[in-house]
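Written below as structure tokens is the structure these notes are about.
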There are 4 protein chains.
Amino acid sequence: MIDIAILGATGYTSLELIKILLRHPETRVVACTTRQEGNPPLHTIHQSLYGRIKLNCEDLTPAQISERAKFVFCCLPHVASMEVVPALLAGGCRIVDLSADYRLNDAAVYAKWYGHEHLDPSRLSHTVYGLPELWADKIPSQALIANPGCYTSASILGLAPLLAADCIKPQEIIIDAKSGVSGAGRAPKLGTLFAECNEGVAAYSVGGKHRHQPEIEQVLSTFSNQSVEVIFTPHLIPMDRGIIATIYAPLKRAATQAELLSVFREFYAGKPFMRVVDHLPSTKDSANTNFCDITVRVDRGRAIVISCLDNLLKGAAGVAVQNFNLMCGFPETMGLL
Amino acid sequence: MIDIAILGATGYTSLELIKILLRHPETRVVACTTRQEGNPPLHTIHQSLYGRIKLNCEDLTPAQISERAKFVFCCLPHVASMEVVPALLAGGCRIVDLSADYRLNDAAVYAKWYGHEHLDPSRLSHTVYGLPELWADKIPSQALIANPGCYTSASILGLAPLLAADCIKPQEIIIDAKSGVSGAGRAPKLGTLFAECNEGVAAYSVGGKHRHQPEIEQVLSTFSNQSVEVIFTPHLIPMDRGIIATIYAPLKRAATQAELLSVFREFYAGKPFMRVVDHLPSTKDSANTNFCDITVRVDRGRAIVISCLDNLLKGAAGVAVQNFNLMCGFPETMGLL
Amino acid sequence: MIDIAILGATGYTSLELIKILLRHPETRVVACTTRQEGNPPLHTIHQSLYGRIKLNCEDLTPAQISERAKFVFCCLPHVASMEVVPALLAGGCRIVDLSADYRLNDAAVYAKWYGHEHLDPSRLSHTVYGLPELWADKIPSQALIANPGCYTSASILGLAPLLAADCIKPQEIIIDAKSGVSGAGRAPKLGTLFAECNEGVAAYSVGGKHRHQPEIEQVLSTFSNQSVEVIFTPHLIPMDRGIIATIYAPLKRAATQAELLSVFREFYAGKPFMRVVDHLPSTKDSANTNFCDITVRVDRGRAIVISCLDNLLKGAAGVAVQNFNLMCGFPETMGLL
Amino acid sequence: MIDIAILGATGYTSLELIKILLRHPETRVVACTTRQEGNPPLHTIHQSLYGRIKLNCEDLTPAQISERAKFVFCCLPHVASMEVVPALLAGGCRIVDLSADYRLNDAAVYAKWYGHEHLDPSRLSHTVYGLPELWADKIPSQALIANPGCYTSASILGLAPLLAADCIKPQEIIIDAKSGVSGAGRAPKLGTLFAECNEGVAAYSVGGKHRHQPEIEQVLSTFSNQSVEVIFTPHLIPMDRGIIATIYAPLKRAATQAELLSVFREFYAGKPFMRVVDHLPSTKDSANTNFCDITVRVDRGRAIVISCLDNLLKGAAGVAVQNFNLMCGFPETMGLL
């Protein structure tokens with residue numbers, strides 16, 4: 001039984017994390033943090049947890065956290081995360097960091113996209129990016145894992161097999177992604193009010209403006225040993241959860257749909273959360289699960305990949321527990337099926 | 001005052017058409033048709049019309065229709081439409097046909113995509129495609145106008161100015177389109193049940209399988225005098241109405257966002273329903289209106305055009321009345337603002 | 001042509017008001033106010049107005065307003081409204097006040113429910129409550145009209161005819177009301193975030209806690225010359241707009257559904273926005289219109305009344321223009337059909 | 001490990017049942033039935049099950065079913081259910097019947113409300129109604145359990161404690177209930193199309209017309225040994241799942257909110273799925289769980305009870321597994337937390 005702390009417990013990702021851990025036979029959530037005053041019980045922040053866990057949210061220092069917990073899921077916003085990670089590691093905690101702070105491996109790129117100097121640059125280059133379908137073997141030994149972004153996971157999982165098999169060119173790739181509103185977080189903002197985003201779809205951060213674009217490019221370039229360039233366009237969809245990435249990639253040589261499906265099936269053989277399907281998946285098929293559904297079509301010299309996952313689970317809390325399981329030597333699917 | 005008949009009055013497009021015509025000072029709806037038995041009052045088919053129009057839906061022959069009405073909006077499904085259009089024209093009616101039957105100008109292409117021999121092929125080549133922003137001058141004199149498809153309008157309006165100004169290559173164009181569920185019609189089907197498509201997004205007809213793809217290519221090729229090829233991917237979004245087309249087109253030469261916005265603004269100068277905007281529009285901005293909102297961004301050598309409209313209005317009933325206004329010599333915006 | 005000012009232009013009600021007035025042949029919106037700095041163009045606050053009206057929002061004093069406009073729609077929050085209404089009246093403006101400030105006729109009741117002393121108590125007792133279906137004859141001569149609340153209108157319109165015909169007891173009336181989220185306003189709050197209220201229904205202010213309860217009781221008591229008591233329970237529904245009030249009222253004597261429908265039909269004869277229907281209406285039937293749909297059933301000695309309207313239109317901006325039309329001598333329906 | 005058959009596997013309830021059973025450590029789903037031809041794989045009927053269970057749906061006779069399975073969840077429509085239950089029992093199966101066929105204990109009442117003679121009337125009077133919070137002790141020994149209706153469970157769980165404690169009168173009870181659309185089933189119908197019920201709320205079966213009204217009255221009358229009468233009004237809400245029952249019951253004597261909450265807390269002490277809460281619950285809090293959230297307020301001599309549950313889980317598949325657990329001697333919560 002591993003004692004767990006969750007930092008930044010008020011968001012949607014933390015709620016999902018707690019719900020998974022309540023089912024996980026080897027974990028016990030012993031601390032939840034928030035900066036809200038008065039140590040509010042967790043169920044006043046997440047009403048759905050009423051009666052399921054008795055725990056108050058506290059404003060704890062890294063030292064207090066590492067005294068109580070062996071493992072930390074860090075759901076703090078970027079910058080706030082790297083302010084505490086070094087101390088937590090020093091205190092002996094192992095960490096899955098769900099923020100963006102340790103995903104990019106170049107401090108200059110971080111500073112450009114996040115508008116803040118990196119506070120812990122020496123760790124950047126060797127922190128493992130926690131996408132278990134690509135790097136399952138590197139994850140177990142780590143003390144710190146950088147949990148991937150939600151759009152990023154959907155995009156990378158849809159492209160990595162085709163790049164690995166050298167089926168597509170690494171440039172002129174277009175990722176048109178659509179996400180449910182929970183991806184925008186739980187802080188009250190005009191743009192995520194119900195009456196603003198219900199009954200409407202809009203693109204945002206169009207034209208190389210979204211922080212997941214450099215993350216996708218870095219990970220795919222590292223993975224495939226070549227310079228991968230993508231155009232990435234996110235859209236906000238009037239639904240709670242789910243991401244679909246519709247990906248257009250120029251084929252290096254003619255290929256049929258069946259051949260490309262085989263490439264995906266071989267690449268993901270034995271991966272318990274990857275479902276390569278013949279049909280066109282809806283985000284609803286993988287909602288509330290840790291699965292990623294992928295299929296592919298071919299038209300006019302391009303592979304059209306459809307990649308769906310739940311942004312809060314396979315795109316955040318679910319893959320975080322998958323990383324936790326690998327780090328701790330538990331079965332990869334524990335608590336997740 | 002022009003007497004109007006609406007054929008196929010039970011669908012969502014017909015409802016919108018009736019609501020527009022109730023506001024239009026120069027029209028009177030005198031006949032609505034359906035194959036449902038018992039001549040049901042219109043407000044039993046569309047409850048929202050209760051008290052607004054006293055009219056029963058009838059199963060009328062073309063002869064009966066042309067006896068009563070001077071102008072026909074034909075909202076029948078494809079094939080059913082071309083079964084009555086010739087007789088209606090012969091009877092002296094002028095027609096806006098909202099089906100796909102007269103949009104393609106090649107009977108072989110029609111047969112391939114609609115799985116049915118064309119019944120009125122001689123009219124195909126010279127029926128005007130009713131997109132007033134491109135062909136306003138040709139519309140007034142016509143007896144029959146082929147009203148455009150909804151995805152088609154959003155796509156064409158987003159590409160025509162860039163093709164006209166020779167800014168983009170006519171190949172390698174990708175149109176990633178998202179539509180509200182009303183676009184799938186009002187016939188009960190599993191796939192459009194609330195509990196099936198709520199809280200989910202899915203692509204459909206992926207890989208050159210949607211009938212609007214050849215329509216888009218034909219219209220843009222005709223318009224720009226070159227062979228235009230597009231990849232077209234439609235998605236179903238959990239909302240009632242609205243279409244957003246996110247379009248990726250390779251630039252012929254480097255251009256800034258400002259330059260491309262100018263191209264759009266010049267092309268659509270004086271067009272009352274085209275709004276070229278600096279911001280990123282939501283489909284909600286044009287919902288329940290006849291406007292089309294367009295903007296453009298640039299990334300990695302591609303123009304990224306965002307084009308939004310209401311699929312039932314600017315994509316169907318609204319542009320139909322716009323065509324009607326032009327055909328009858330009324331102001332283009334009459335009944336539509 | 002009447003010059004109009006709209007105070008507090010950033011909310012959903014103001015947007016609807018502007019859209020109606022753009023269609024109204026006898027009005028011109030000449031001023032919009034906001035406390036936001038920098039005189040933002042209206043279309044940056046309401047993107048859907050792009051290209052439809054050229055007007056900047058300004059922070060204007062009552063004196064500046066009355067210099068420009070003859071008629072004011074006051075969409076300010078309560079308290080803010082009564083801070084400016086006296087000066088505007090003194091400046092010669094006629095006003096429809098959409099806040100709650102002049103609805104209650106007893107300053108003590110106001111202070112109890114709104115937690116603030118009334119600043120203009122002398123006007124309370126004689127300000128006319130702007131529900132044209134009850135008091136159309138009193139409205140024309142007024143300089144100030146208190147526009148009704150949205151829940152209130154749905155409830156009162158569903159009960160007034162039965163009270164007038166002495167069909168129901170004035171006690172033990174239960175109003176179970178459900179509203180779309182736009183009714184909660186446009187200020188960013190956790191509870192109205194999309195991911196909070198989508199896919200859920202909740203009651204709020206249960207047990208005599210909602211401010212519309214005393215408003216309903218006062219208006220119905222005044223109208224029927226007896227002490228009317230109601231239990232009022234509002235619910236938030238995951239949709240943009242619409243209110244349905246399901247009302248349970250004990251019958252004084254046995255009555256059939258047909259008899260009660262006749263009572264409604266007689267009471268609302270000639271009222272252009274009241275639709276007494278045999279079927280069970282959906283809020284969707286009256287959405288985006290100024291209609292109120294009502295029907296009634298009978299069970300176990302109780303009338304069950306269903307009353308539906310659009311909270312932003314017949315429940316706010318629509319009835320405001322209806323009041324404006326009556327005040328100015330225009331046809332009651334002008335701009336509203 | 002118990003071998004399970006699910007009859008009528010295409011509906012939403014069956015999908016939820018299968019998902020629960022995939023997590024349940026003591027069950028194995030060995031047969032799923034449908035009348036669809038061609039023995040379709042389960043994942044073609046429910047795409048979300050892809051890769052999670054390898055099973056084809058078959059058209060099986062009762063004899064074939066009882067040969068394969070020891071336990072049957074019968075998700076057939078009413079009438080179809082009682083056509084097979086006797087043979088399945090004779091074949092040695094134990095059954096949770098999710099249809100309405102064995103809920104009412106009077107064949108004449110059944111015939112009146114379901115329009116069909118009961119085919120197995122002798123079993124009606126002694127079949128146990130499977131609401132574990134009321135009759136947990138009777139369930140273990142049964143071969144056949146009648147699983148409750150969804151509205152019924154929400155309503156009964158909100159009233160039984162107050163009746164048991166003699167706090168409320170058994171007449172003049174009003175239940176105003178709101179349900180997500182999945183409650184209306186998966187058969188394509190106009191009324192449950194997305195574009196029909198999205199962005200709208202409507203009441204249906206108003207005035208003693210819904211089949212759950214006699215079910216509620218029978219169960220509460222049996223439970224409290226007095227004649228209980230309710231007015232029951234269901235509404236359709238634009239969301240996938242969830243029911244909220246807002247219940248108005250006249251108090252026998254004055255009582256405070258705190259006293260009534262205590263009545264609920266005592267009654268449900270030790271019941272693992274009942275959460276008596278101080279706050280006003282949203283249906284979202286219990287969505288995707290087997291919990292029922294209840295609170296109570298007092299106004300004008302009436303208790304106002306709010307009762308929320310997931311119509312597909314605590315209102316159908318979840319309570320079915322709860323019954324199964326009790327019947328088989330497993331912990332009540334197995335597979336359900």
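Here is how names work: the chains are called A, B, and so on, in the same order as the sequence lines, proteins then strands, and each is numbered from 1. For clarity, every value in this text was computed on a predicted model and none was experimentally measured.
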Below 4.5 Å from any heavy atom of chain A, which atoms of [X] appear? Answer side chain, backbone, both or neither.
X: B/I306; answer: side chain
X: B/S179; answer: neither
X: B/E196; answer: backbone
X: B/V298; answer: backbone
X: B/A287; answer: neither

If you compare all heavy atoms of [X] against all heavy atoms of [Y], which two are closest, and at what distance to 0.1 Å?
X: A/S282; Y: B/G200; result: OG-CA, 3.9 Å
X: A/Y248; Y: B/I175; result: OH-O, 4.3 Å
X: B/K284; Y: A/A195; result: NZ-O, 2.7 Å
X: B/P281; Y: A/A202; result: O-CB, 3.7 Å

Exercise for review: Check each atom of A/V230 against the heavy atoms of chain B and say whether the ones under 4.5 Å are side chain, backbone, both or neither.
Suggested key: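 Contact with chain B is through the backbone of A/V230 alone.
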Review point. Can A/R302 and B/E172 be counted as an ion pair, charged N to O under 4.0 angstrom?
Key: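 Result for this pair is yes, salt bridge flagged.
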Practice item. Could you grab the distance from atom OG1 of B/T246 to atom CD1 of A/I231, nearest 0.5 Å is fine? Key: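 It comes to 12.0 Å.
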Point to revise | A/T233 side, atom OG1; B/D299 side, atom CG - distance, nearest 0.5 Å | key: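 Between atom OG1 of A/T233 and atom CG of B/D299 there are 8.0 Å.
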With chain A as the partner, which of [options] has the greatest number of non-hydrogen pairs under 4.5 Å?
options: B/R300, B/R297, B/H235; result: B/R300
options: B/L280, B/V201, B/T283; result: B/V201
options: B/S286, B/G242, B/P238; result: B/P238
options: B/I237, B/D285, B/D240; result: B/D240

Check your understanding: Which one, A/K209, A/Q213, A/Q171, leads in non-hydrogen pairs under 4.5 Å with chain B?
Key ->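 Ranked by contacts with chain B, first place is A/Q213.
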